[in-house]
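In what follows, every chain begins at residue 1, and chains take the letters A, B, ... in the order their sequences are listed. Bear in mind the structure is a predicted one, so any value in this text is a computation, not a measurement.
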Amino acid sequence: MAKQKVGIAMSGGVDSSVTASLLQQKGCDVHGFFMLLPVPGKERHVQRVRSVAEHLEIPLYCIDLQDLFNRKVIDYFIRTYLDGDTPNPCIVCNRQVKFGALLNVMRSRGMDKMATGHYARIRKKDTGEYILQKGCDPKKDQSYFLCRLTQAQLENVILPLGDYTKEEVYGLAAALKLSTIHGPESQDVCFLAGESVAAFFAGQGIGDRPGDIINTEGRVIGEHRGLWQYTVGQRKGLSIPDATPWYVYRLDAGNNRLVVCKKDRLFCRKVITRDVRWTGAAQPNPWRGRVQIRGRHLPSPATVAAGNNGEAVITFEAGQRAITPGQFAVFYEDDFVAGSAVITGAIAGEDIDL
RNA sequence: UGGGGCGUCGUCAAGUGGUAAGACACAAGACUUUGACUCUUGCAUUCGCAGGUUCGAAUCCUGCCGCCCCAG
């Protein structure tokens, strides 16, 4: 039987390098694929991946996905902010670019599977369905960012690091004498490269667009520099001196106004969502489980009542802080991703029990 | 113009003779494969200005400047 051909999505970082090595040791025919994206310092990245590929002695292909990335991720990023919502470019990139176009390229080049260095697991159920599971290391779990992957995508992907902790991966990297363990990985949006959103927008020719900051009573108490520089729950950048801090309550894109409030007002139990997608074919309605509202948010007990046109209302048992339109809600059943949706708003005030 | 009050960090605000609290804002760092939140640290050699009293003043005295209130 021929060796399984696996394409590794390589960034040159520790995780993807260890992933490649692990598969190599398992006897796979490993090929490295580097996504060329429109990000600052890409030349350095290319250098770094090259040295890793040489070190591991695997072939490396550089795939230019800049145009696609511009259209699918950056355009989405800008458009969402201009609409007064807060995008999650990583989730969209994973869905459209990394596990989309890149996966297709690998398939067309004869790869049986694609592997990445994400900390998450993919399981095949008795029904033949694939399901995403959290990684073993709860601190590093990245299943949230992979929530929008389809069955077809999950079927063609393997995530070796899901069974390891970050600690163990560092150990493996050290054993492999990977020089990249020293280079600190960037955790911010890759195409921002440390820049602020405001600076990025300015670079795109979108300058400041000042407007009023009002409190929930409608009184003007400050001025903002452009709605895209803020997000729900944000405290920094408001410049409103007071006895206690102010937080962004809502972005009113239609009137170019920023509504702010005090901390207590930020908590809400009901969330409205669109584009609901379930992993399994049939789901109880209402569904009950835990829902994660953003990266690094502890999934919290809630019910999801599906409505028409892919909409659904999430009702948490306890109020959640800063429900943010544009962000993704991921539904967890224990460690498994049961579904996800895009947040469009919160229902404040009296909660009606279902 | 009389009478009274007040002027302390960007904002609010302690401190009435013993050598400038705190909060908010702001900045830096940490955390983090989204934006945020959070945490840590920093942030007035100086108290409207100028003199004086005193071992020592933001705190007492004098003058000036500025603001507010009341009265005409």
Examine [X] relative to [Y] and say whether NZ or CZ is less than 6.0 Å from the centre of the six-membered ring and inside a 45° cone about the ring axis.
X: A:R109; Y: A:Y61; answer: yes
X: A:R321; Y: A:Y247; answer: yes
X: A:R148; Y: A:F328; answer: no

Within the 4.0 Å heavy-atom criterion, would you say [X] contacts the bases, only the backbone, or no part of the nucleic acid?
X: A:L238; value: sugar-phosphate
X: A:F77; value: nothing
X: A:Y247; value: sugar-phosphate
X: A:P89; value: sugar-phosphate
X: A:G222; value: nothing
X: A:I91; value: nothing
X: A:Q234; value: sugar-phosphate
X: A:G233; value: sugar-phosphate

My understanding is that a pair needs two contacts under 3.5 Å, Watson-Crick or G-U wobble. By that rule, which nucleotide pairs with [N]?
N: B:U62; answer: B:A50
N: B:C39; answer: B:G29
N: B:C55; answer: B:G18
N: B:G10; answer: B:C24

Rounded to the nearest Å, what distance is computed from the [atom1] atom of residue [X] to the [atom2] atom of nucleotide [N]?
X: A:Y144; N: B:A36; atom1: OH; atom2: C1'; value: 11 Å
X: A:R148; N: B:U34; atom1: CZ; atom2: P; value: 18 Å
X: A:N88; N: B:A36; atom1: CG; atom2: C1'; value: 12 Å
X: A:K236; N: B:C24; atom1: NZ; atom2: C1'; value: 10 Å
X: A:N94; N: B:U34; atom1: CG; atom2: P; value: 11 Å
X: A:D264; N: B:C37; atom1: CG; atom2: P; value: 17 Å
X: A:D141; N: B:U32; atom1: CG; atom2: P; value: 14 Å
X: A:I323; N: B:G35; atom1: CD1; atom2: C1'; value: 15 Å

| Any donor-acceptor N or O pair under 3.5 Å, side chains A:Q47, A:S51 |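 Result is no, nothing qualifies.
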
| said: For A:H224 and A:Y230, take the angle between the two ring planes, folded into 0 to 90°, and tell me which bin it lands in: parallel under 30, tilted 30 to 60, perpendicular over 60. | reply: perpendicular

| said: For a quick test of reading the model: is some side-chain N or O of A:R235 closer than 4.0 Å to OP1 or OP2 of B:A36? | reply: no

| Counting only side-chain N and O atoms of A:S239, is one of them less than 4.0 Å from OP1 or OP2 of B:C26? |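 For A:S239, the contact criterion (side-chain N or O under 4.0 Å from OP1 or OP2 of B:C26) is met.
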
| task | Take A:W246 and A:A322, find for each the nucleotide of RNA chain B with the closest heavy atom, and name the residue whose nucleotide sits nearer the 5' end. | result | A:W246

| said: If you assign each of A:Q327 and A:R321 to its closest nucleotide in RNA chain B, which residue comes earlier from the 5' end? | reply: A:Q327

Distance, [atom1] atom - from [M] to [N], rounded to whole angstrom:
N: B:A30; M: B:C67; atom1: P; result: 47 Å
N: B:A14; M: B:U59; atom1: C1'; result: 13 Å
N: B:U46; M: B:G10; atom1: P; result: 13 Å
N: B:U45; M: B:G3; atom1: P; result: 37 Å
N: B:U34; M: B:C47; atom1: C1'; result: 46 Å
N: B:A28; M: B:A36; atom1: P; result: 13 Å
N: B:C61; M: B:U54; atom1: P; result: 16 Å
N: B:A58; M: B:U16; atom1: P; result: 13 Å

| request: Just do the side-chain contact (heavy atoms from CB on, under 4.5 Å) check on A:R265 and A:T216 with the steps written out, would you? | output: CA-CA 10 Å; A:R265 196 87 184 252; A:T216 49; 3.0 Å; yes

| Is any side-chain heavy atom of A:V291 less than 4.5 Å from a side-chain heavy atom of A:Y332? | no

| Lys/Arg-Asp/Glu bridge criterion (N-O < 4.0 Å) met for A:D15, A:K166 |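 Answer for the salt bridge query: yes.
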
| said: Please classify the glycosidic conformation of B:C68 as syn (within 90° of 0) or anti (everything else). | reply: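 In terms of base orientation relative to the sugar, B:C68 is anti.
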
| request: Among the candidates B:G10, B:U32, B:G35, find the nucleotide nearest to the side-chain atoms of A:P241. | output: B:G10

